[in-house]
Amino acid sequence: MSNKPSIPQGTRDFGPEEVRKRQYIFNTIRSVFELYGFQPLETPAMENMETLMGKYGEEGDKLIFKILNNGLNDPKNQDKSRSGFEKVMEGKNSKDLTERALKYDLTIPFARYVAMNHGQLTFPFKRYQIQPVWRADRPQRGRYREFYQCDADVVGSKSLLNEVELVNIYNEVFTQLGLTGYELRINSRKILAALAEFCGGADKMIDITTAIDKLDKIGLDKVKEELAQRGLNEEQINTIEKYLLIDGSNEEKLNQIELLLGHLEIGKQGIEELEIVNRESGPGLAGSNLIIDFTLARGLNYYTGIIFEAKAPATVKMGSIGGGGRYDDLTGLFGVPNIPGVGISFGVDRIYDVLKDLDLFPEGVYTGTQVLFFNMGVAESSKAFSTMQLLRKQGVRCELYHEQAKMDKQFKYAEKKNIGFIVIIGSTEVQNNTGVVKNLKTGTQQTVPLADLSNKLFI
RNA sequence: GAGGUUGUAGCUCAGUUGGUUAGAGCGCUAGAUUGUGGUUCUAGAGGUCGAGGGUUCGAAACCCUUCAUCCUCCCCA
């Protein structure tokens, strides 16, 4: 029976305090995006199925939340519904059963938007987008079925200046949030492509990248094992091992990769890109927070150039808190070729968990109401109400206790809501046109004429 | 999709080999205290032991099923 209400697996309610903390993260990210000249965009929660399918790889397709069509039981649809169901049972998709799905990320809907509106847009188009996305994944630490992404993308520009700006956006946001120990790992898909070309051919690229991506998790030996399982021979695996053993500062890594893959045209391009981004991203940033990592692969198969992954400080064991990269032709998927782009994403829900673990939320996040007016009776509360309205006009956040009650109760209400000040207007005060202002943190109080009440008293 | 963990009061959790009426702390309500909270003291309310079935003279405990939860793998933010 279980009459208890519940919410779907992997979703969450956010109480007042949580919302405030999340808002703090959103506002920080939004203000940095705006600072760098990005403009807001919102797209629907759901997209047509064909917009999403096939864009995230085979695994990704399975994780898309599909929406059942309405009217399946309508007599004139029943045959279609049945045959559609048969198709679904075979693992295929059927428009007769589902033609819409919840969006899986913000990049593909954005690409769809650009493809639809490229005639009207001014390029390069820089947009940011802060919205929830949904994945039918099994929930666990740092993984939810509904979560927010904050994306910033630039389309219509091949300049590496964009990558450099995005690196600095990451740095600015994480620094403002106090997350100074973050790591921004970068690599280039072109280097990975060069490696694949050098040993095994381009068709082995996905096999190679998914295996080496796990290096820090499972270790070199296991990676070699997995490569062998995926059909690479010993010579090829040895080359990959050399590749994986590249280490040192960013500059040292670049020198070593030059020796290994610099002779290939695509490798040369990738190395040059990394070199530029590393050099231009700013003194103090490159090499400490910005780390060139040749094992970084990233799953999304539309990336073609520089790729990013932001990681929380190793101590919190959270993994990726953001990611992104360059794609040469995302809108080509929607019939509008030759619009290159590059973008990044912040995972707010994980950043929230990390800030909580590290106790990095500032004090000010918790404040709501500044002043509580005590309710001392009908005539008294009427006076309190009109006084309160005047204060509200000055921008002071205040409230009047909802009913006449013992002072004890009203005090406790203020305390629980973390309200810093109370104002008592009782019969004596009504007569004298005064109020007793008490600072609950220090315990001090003073009687002041109501006309003198102002926001200065409540700081 | 595969594997595991936990589910007892509003919250955090005890509960012995299966044995009478299931406990504690915190919180809540009321009083001590009719205009001054946080401290203290006193009293009180609050449980179909996640749900359903089974074993047993007897189940919170053992078995099966199911749901939820958290975690690991896969993959990802």
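As a basis for the values below, the full set of heavy atoms in this structure was taken, side chains included, without hydrogen atoms, waters or symmetry mates. All chains are named by letter (A, B, ...) in the order of the sequence lines, taking the proteins before the strands, and each is independently numbered beginning at 1.
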>> Should the side chain of A:R350 and the base of B:C76 be counted as holding a donor-acceptor pair, with the cut-off at 3.5 Å?
In response: yes

When we call it a touch if two heavy atoms are under 4.0 Å apart, what does [X] touch: a base, just sugar-phosphate, or nothing?
X      : result
A:G142 : base
A:Y144 : base
A:D105 : nothing
A:R141 : sugar-phosphate

> Looking at residues 429-454 of chain A, who's got a heavy atom less than 4.0 Å off RNA chain B?
Replying inline: A:E429, A:V436, A:K438, A:L440, A:G443, A:Q445

> Is A:K55 salt-bridged to A:E47, going by a charged N under 4.0 Å from an acidic O?
Replying inline: no

> Salt bridge check: are A:D349 and A:R22 linked by an N-O gap of less than 4.0 Å?
Replying inline: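 Between A:R22 and A:D349 there is a salt bridge, with a charged N closer than 4.0 Å to a carboxylate O.
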
>> Please give the distance between the C1' atoms of B:U55 and B:A9 as a whole number of Å.
In response: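 One C1' to the other, the span is 29 Å.
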
> What about the rings of A:F33 and A:F26, do their centers lie closer together than 6.0 Å?
Replying inline: no

Would you say the side chains of [X] and [Y] form a donor-acceptor pair under 3.5 Å?
X      : Y      : value
A:R392 : A:Q389 : yes
A:Q404 : A:S381 : no
A:K383 : A:N433 : yes

>> Quick check, does A:F346 stack with B:A77? I mean ring centres under 5.5 Å and planes off by under 30°.
In response: no

